[in-house]
Number of protein chains: 2
Amino acid sequence: MSDPATRNRSRATADMVARTANVSRVAVSRAFNPHASIKPEKRDLILKVAQELNYTPDMAARSMVTGRSHLVGIIVPDVSGPWESQELDAMTTALQAEGFATLLFRTRDDLSLDETLLTYMKGFNPDSVIAYAENVRPTTLARVLDRAVPIYIGYPDEEAAEAEAAPLFDRLDVLQREGIEQAVALMQGYGARRFAFLAGKSNSLATQSRERMVRKVIAERGLPPPLRIQGDYMYDTAYRETLNQFRLGEPVDAIFAANDVGAFGAIDALRTELGLRVPQDVKVVGFDDIHQSHWKSYSLTTVKLDLAERTQALLRLILRRLKNPTSPSLTETVSTRLVVRGTVG
Amino acid sequence: MSDPATRNRSRATADMVARTANVSRVAVSRAFNPHASIKPEKRDLILKVAQELNYTPDMAARSMVTGRSHLVGIIVPDVSGPWESQELDAMTTALQAEGFATLLFRTRDDLSLDETLLTYMKGFNPDSVIAYAENVRPTTLARVLDRAVPIYIGYPDEEAAEAEAAPLFDRLDVLQREGIEQAVALMQGYGARRFAFLAGKSNSLATQSRERMVRKVIAERGLPPPLRIQGDYMYDTAYRETLNQFRLGEPVDAIFAANDVGAFGAIDALRTELGLRVPQDVKVVGFDDIHQSHWKSYSLTTVKLDLAERTQALLRLILRRLKNPTSPSLTETVSTRLVVRGTVG
DNA sequence: ACGATGAATGAAAGCGTGTTCATTCTGAGC
DNA sequence: GCTCAGAATGAACACGCTTTCATTCATCGT
């Protein structure tokens, strides 16, 4: 219909549709608003003309008057990470189904979130913001984003500073205890006594929370406190540091990794370079249950964060907050559980 | 400074800043526009007041008058896929550095791109759109997005329909031949004679393009035409279908996978279930060179798509097009090359 | 057949910005 | 001390849309 030559360079506006269809511009607006009162035949005519003219309401203009941008900001430390991308995928799919578009931002590799970025994002007026405790201090989040839209993914066992800030936003709290208890119990049941915790980036709140809980559970079961291998969530570092631990430090018979990818690095170091067998010589457990964890080369036993459960909880928070902007802060809680595969016994 | 109680529910506007700083609203606008002419001390005052009031220019309003949304739409078939997420990560990082925000959309699992989605995205007025040949027919793309913003990631050896549509947008063309030639040569050099091509989703243009080139190169080298294993880019399917090929069909001594993840599935099937050795019994090559490909359990020899190269090329296209909206369609070309690891010889 | 009720309609206002454009201010040059 | 160019300033407009609000139209019960 529209060959490149005659093709209009600029978008069609409601005015053009109105003029073409011989209706008022207001009618066009109503035709696109499901709740507006307009004669059905008229709406059909308008929608038909709109389609011919390839017209779509301008979200920017619409956003200005309605106050709804239909944008949800998501701040992620590393989009390419399996866990992050898998959660991003689930959230984007769910948001899209609800009519939202995902506005994606990436933080720096050191996890620090530039305040400028937060301010910049605010300029887009997102209807909601999903931020990880990893990246941003709650006080900063509260100061910059003055609307009560952010959702903070945190951990209820955090220290005071965070607990105090809790009422400032809606939260998704992750209960780590259950999955960790199951994991430690299983490993101990198969004879593990000397544990190591393979940490993520040291300033990551997630890894800190997990480590505290792992230590607590191990202590509760009367086992010696775990050694510590400093990782950064990445495969290469986990591989190297595991090697160091066994060659230069004290070997262990169980490794609890702060994330699955780190566990893969540890497993490969043990098998490939150290000639040790997993699980016979060393038991390994990870955290997240990413798609890759069931790959046959690893078949990782891991503490699962249920993606569907998290996504639904986040969506509930967003929709409830949007429906009632002034309600006090909401909290959803998700649990964790162990998925048993082949790296323990 | 702003405790939750007194905190303003609505965002600060340029008007508020102007009144607080005792300047005109126009001055506020100029203070935030680097090229505007305004007395430096005045600008500093305004920026200071703006920061105190936590003011940021509203991108929606700004977008309406400037015609620049600072949004780049990216349409991805599966955000959670390693390759997709790694490219998304690189692009988002690069775009962010240039002042753009990523507007992320996901297509359905069958790769089909709903036209409604394209129309919806258009409503956000993205300054540019990055779409994969996988998802959208060029004619559809041209019809819906009437501004010359989309960038089409395609393959120059496609059939007429696509070539004809080429002048409609800027393109990033991927030259598959070089990497594929190197791969086939290497495998043949190590004694491979009977090839199988492990395909991706059958309606994926990438897998079709790769398969055509693989067949061509194999024929050129005087080898028998490759068998075909139908996959869908996923690990599980590759695993299962490789098993079927060896148990029910004819075994081969070399597998060329359409993507790395598929190669992993094939490798695991060969080693775990069939008791075959890689590379001694069967040689395997993948496509993409994702981070996971150098993991020791796989150490995959693969045809690399250079992420940095692609990202820079895409960015060049976007910036050039934005600088000159009416210029004829641009094309960037990226090559491929083999990364040799341990799955061939 | 007639008022009453509700649905359908269009004019006008407003959302928060950037950008003319005409005007005023500043300071250099002689 | 005066002229003149260039910088700095603010009033008004435009961007594309939704939403009041007052008005007209259709429908129904009696």
Side-chain angles (χ1 to χ4, degrees), chain A residues 8-47 50 53-71 119-120 122-127 146-147, chain B residues 8-46 50 53-71 99 119-120 122-127 146-147:
Chain A
N8 223 328
R9 261 318 168 216
S10 59
R11 295 186 42 189
T13 73
D15 261 320
M16 305 183 193
V17 176
R19 232 168 304 151
T20 310
N22 264 327
V23 299
S24 81
R25 201 176 47 66
V26 185
V28 177
S29 173
R30 281 198 252 265
F32 278 89
N33 188 330
H35 303 305
S37 116
I38 183 177
K39 195 147 58 177
E41 346 155 8
K42 194 170 194 174
R43 158 173 288 148
D44 292 344
L45 166 66
I46 293 176
L47 291 181
L53 262 54
N54 202 8
Y55 165 80
T56 314
D58 184 314
M59 294 305 265
R62 171 180 280 187
S63 153
M64 288 197 57
V65 38
T66 62
R68 288 275 158 91
S69 64
H70 290 261
L71 253 28
T119 306
Y120 183 65
K122 179 185 165 190
F124 290 97
N125 258 320
D127 290 339
D146 36 25
R147 299 172 119 187
Chain B
N8 225 331
R9 260 326 171 207
S10 60
R11 294 186 45 190
T13 74
D15 263 319
M16 304 184 195
V17 176
R19 233 168 302 151
T20 309
N22 265 326
V23 297
S24 82
R25 199 185 53 67
V26 185
V28 177
S29 172
R30 281 198 252 262
F32 278 88
N33 189 327
H35 302 305
S37 116
I38 183 176
K39 196 147 55 177
E41 348 158 7
K42 196 170 194 174
R43 159 173 286 149
D44 291 343
L45 167 66
I46 293 176
L53 262 53
N54 201 9
Y55 166 79
T56 313
D58 184 316
M59 295 303 267
R62 170 179 282 186
S63 154
M64 287 197 57
V65 40
T66 61
R68 288 273 158 91
S69 65
H70 290 261
L71 254 29
T119 306
Y120 183 65
K122 178 186 166 191
F124 289 98
N125 256 319
D127 291 338
D146 37 24
R147 300 173 116 188

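Please read these numbers as outputs of a predicted model, since none were measured by experiment. Residue numbers begin at 1 in each chain, while the letters A, B, ... track the order of the sequences.
Taken residue by residue, residues 20-30 of chain B places heavy atoms nearer than 4.0 Å to DNA chain C at B:Arg25, B:Val26, B:Ser29. Looking at residues 58-66 of chain A, you'll see A:Asp58, A:Ala61, A:Arg62, A:Val65, A:Thr66 sit with a heavy atom under 4.0 Å from some atom of DNA chain D. Within residues 35-45 of chain B, the residues having any heavy atom under 4.0 Å from DNA chain D are, by residue number, B:Ser37, B:Ile38, B:Lys39, B:Lys42.
The shortest side-chain heavy-atom distance between B:Arg43 and B:Ile46 does not fall under the 4.5 Å cut-off. The shortest distance between side-chain heavy atoms of A:Leu71 and A:Asn125 does not fall below 4.5 Å.
With hydrogens and angles ignored, the 3.5 Å screen pairs a side-chain donor or acceptor of B:Lys122 with a backbone N or O of A:Asn54. Looking at A:Tyr120, its side chain never comes within 3.5 Å of a backbone N or O of B:Thr56 through a donor-acceptor pair.
Distance CG/A:Leu47 to OH/A:Tyr55: 10.5 Å, rounded to 0.5 Å. For the atom pair A:Asp58 CG and A:Arg11 CZ, the distance stands at 5.0 Å (nearest 0.5 Å). Here the OG-CG distance, from B:Ser63 to B:Asp127, works out to 7.5 Å after rounding to the nearest 0.5 Å.
Heavy atoms only, all atoms of each residue included: B:Pro126 and B:Ser69 are closest at CA-OG, 3.6 Å. Scanning both residues, B:His70 and A:Phe124, for their nearest heavy atoms gives O-CZ, 4.0 Å. When all heavy atoms are compared, the tightest approach of B:Leu53 to B:Ala12 is O-CB, 3.7 Å. When every heavy atom of A:Met64 is checked against every heavy atom of B:Ala60, the shortest pair comes out as CG-CB, 4.1 Å.
Residues forming a side chain to side chain contact (heavy atoms under 4.5 Å, CB included) with B:Val26 (at least two apart in sequence, or on another chain): B:Ser24, B:Arg30. Scored by the side chain to side chain contact (heavy atoms under 4.5 Å, CB included) test, B:Arg19 finds B:Asp15 as partners (sequence neighbours excluded).
Within 4.0 Å (heavy atoms only), B:Phe32 reaches no atom of the nucleic acid at all.
Read 5' to 3', the first and last nucleotides of DNA chain C with an atom closer than 4.0 Å to a heavy atom of chain B are C:dG16 to C:dT19.
Considering only side-chain N and O atoms, A:Asn33 lies under 4.0 angstrom from the phosphate OP1 or OP2 of D:dT19.
Distance A:Asp15 CG to D:dC15 P: 9 Å, rounded to the nearest Å.
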